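These notes are about the structure you will find just below.
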Amino acid sequence: MITARYHREVPQRFRLEANKCVSCGHINFPPRLVCPKCKGQKFDNVVLKDEGKLLTYTILRVAADRFSKETPIAVGIVELEDGVKITTQIADVDVDTLQIGQKVKLVLRKIQEDGKAGILCYGYKAVVI
Amino acid sequence: MVGIVGYGAYLPRYRIKAEVIAKQWGSDPVAIVRGLQLNEKTVPGMDEDTITISVEAAKNAVRRAQINPQEIGAVYIGSESHPYAVKPSGTILIDALGIGPDVHVASYEFACKAGSEAMFVAYSLVKAGEMKYAMGIGADTSQGAPGDALEYSASAGGAAFIMGKEKVVAEILFTHSYTSDTPDFWRREGEYYPRHGGRFTGEPAYFRHIIGAGIALLEKSKISPKDFKYAVFHMPNGKFPMEVGKRLGFTKEQIETGWLVPYMGNTYSGSSPTGLAAILDVAKPGDLIFMVSFGSGAGSDGFIFRVTDEITKVQDRAVKTRELLDNNKIYLNYGEYAKFRRKIKLNE
């Protein structure tokens with residue numbers, strides 16, 4: 001059962017909620033209690049921009065059992081407009097056409113299913129725009 | 001006057017051509033395309049469902065309305081393909097958009113008219129003064145059994161409408177619903193694919209209910225068909241909406257702006273709502289729009305909208321429906337389509 005863990009991650013997976021260090025301006029995603037850059041402990045809540053560019057990517061042709069019917073799967077690092085870099089799947093794409101630098105947008109997609117009868121887990125993925 | 005303050009649509013990028021399906025089953029592609037007037041249809045990605053489609057459409061509606069999502073007092077999603085049998089679709093949507101938790105949420109179902117049902121209730125709650133804004137959504141990832149005629153049409157997509165009283169882009173002038181117990185199309189509990197009554201889905205179902213609601217709306221409003229700029233009807237195939245429009249006194253020119261079905265397919269609960277979104281994308285202040293949905297079982301919801309001066313401010317704030325239909329297409333062969341739609345039985 002992945003219900004509790006999934007539920008805890010909803011603010012980030014659904015709404016890209018992050019926090020920004022008041023003293024140095026570093027954005028943490030997911031939010032942190034102590035800033036990794038300046039050790040500051042005061043933060044403002046921020047929501048990340050949902051557009052950015054593809055910094056790099058790889059193609060999974062042999063995936064874990066749960067995702068084995070979805071191959072090939074493109075996974076990339078996306079730099080969002082506010083400078084935050086996230087790792088995400090790239091959906092709706094012919095993997096042979098992907099290019100570093102392409103503009104992408106984050107959308108809500110189904111990430112996985114907890115077995116045949118378990119919950120459906122949603123979260124962000126990138127699509128090329 | 002209460003009406004639409006924001007609207008948005010979403011269509012998946014994947015497509016399959018009707019001729020590909022026809023060839024798979026040994027049917028004549030030319031006859032299918034000509035008879036049903038269906039060239040291709042949208043197909044949801046393996047990670048898309050009614051919830052993800054609703055979320056993207058709703059985000060576009062909020063972008064256009066430019067309102068605080070916290071002020072939305074109700075969210076209703078109408079669909080016949082809610083991913084859960086027990087668990088509402090709208091709870092995921094409100095958390096994704098930052099709506100609530102002080103919000104009323106429900107999943108609606110009435111075959112292909114669940115979306116207009118959601119729109120009607122959202123409109124009625126705002127009109128009653130219960131809340132400032134309410135959102136009604138129609139979305140589906142509809143099912144068609146392999147080899148069945150429905151396989152040529154059953155597609156995926158949806159549209160969302162935020163109702164309110166301020167900065168209204170399309171006022172709702174009149175509504176009318178027409179319903180009877182007509183078993184033209186159904187899916188029993190636990191069954192994967194729906195069944196239908198073949199030709200029985202036509203005259204006693206689709207045509208009777210749309211014409212019933214349509215005539216009542218015209219009589220109630222005392223507006224003549226020729227006074228409308230646009231008309232949109234439920235689109236199970238290309239032929240039916242043109243035929244029912246003609247019988248009600250509308251012309252092809254009035255219907256074709258919202259007539260997305262030849263390249264979108266039948267998005268079920270999202271069908272006429274998506275057509276309405278395409279019309280609002282190009283409508284001008286003062287235009288009158290006539291809309292009648294249809295849901296098997298059976299019933300129709302009719303609306304008359306009058307577009308306001310606000311429309312030109314919101315049209316470019318989000319992606320337009322025809323752009324979603326025409327751009328970024330990825331075509332599938334039948335094998336890929338069968339995999340995407342989980343038509344292939346696999347070992348657990």
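Excluded from the calculations below are hydrogen atoms, water molecules and symmetry mates; all remaining heavy atoms, backbone and side chain alike, are included. Only a predicted model underlies this, so the values are computations on that prediction, with no experimental measurement involved. Order of the sequence lines fixes the chain letters, A, B, ..., with proteins taken first and strands second; residue numbering starts at 1 for each chain.
T52(B) contributes atom OG1, which lies 7.0 Å from atom OH of Y122(A) (distance to the nearest 0.5 angstrom).
E81(A) approaches K103(A) most closely through the heavy-atom pair OE2-NZ, 4.5 Å.
Taking the ring centre of Y7(B) as origin, the terminal cationic atom of R64(B) falls inside the region bounded by 6.0 Å and 45° from the ring axis.
Within the 4.5 angstrom heavy-atom criterion, atoms from both the backbone and the side chain of V107(A) approach chain B. Residue E113(A) touches chain B through its side chain alone, counting heavy-atom pairs closer than 4.5 Å. Neither the backbone nor the side chain of V47(A) comes within contact range of chain B; no heavy atom of the residue lies under 4.5 Å from a heavy atom of that chain. The contact between K69(A) and chain B is made by backbone and side chain atoms together, counting heavy-atom distances below 4.5 Å. Using a 4.5 Å cut-off between heavy atoms, L16(A) makes no contact with chain B at all. Contacts between I51(B) and chain A at a heavy-atom distance below 4.5 Å involve the side chain alone, from C-beta outward.
Here I92(B) is the residue among I53(B), I92(B), V55(B) with the most heavy-atom pairs under 4.5 Å with chain A. When each of D65(A), V10(A), D92(A), I129(A) is checked for heavy-atom pairs under 4.5 Å with chain B, D92(A) comes out on top. With chain B as the partner, the residue from D94(A), L108(A), I119(A) showing the most heavy-atom pairs under 4.5 Å is L108(A).
A donor-acceptor pair under 3.5 Å is absent between the side-chain atoms of Y76(B) and the main chain of H104(B), judged by distance alone. Of the possible donor and acceptor atoms, one in the side chain of S269(B) sits under 3.5 Å from a partner among the backbone N and O of A111(B). Side chain of Q70(B) to main chain of G100(B): a donor-acceptor pair is present (N/O by atom type, distance under 3.5 Å, no hydrogens or angles).
Every residue two or more places apart in sequence or in another chain was checked for a ring-ring contact (aromatic ring centres under 6.0 Å, His included) with H7(A), and none qualifies.
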Practice task
Take I86(A) and E79(A) through the side-chain contact (heavy atoms from CB on, under 4.5 Å) test and state the conclusion after the steps.
Solution key: CA-CA 7 Å; I86(A) 59 166; E79(A) 183 177 15; over 6 Å; no
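Heavy-atom neighbours of chain A within the stretch residues 318-341 of chain B, taken at a separation under 4.5 angstrom, comprise I330(B), K339(B).
Partner of D140(B) under the side chain to side chain donor-acceptor pair (under 3.5 Å) criterion, out of S155(B), S271(B), S54(B), S81(B): S81(B) alone.
Enclosure of atom NZ in K20(A) is not indicated, since only 12 or fewer non-hydrogen atoms of other residues, nucleotides or ligands lie within 6.0 angstrom.
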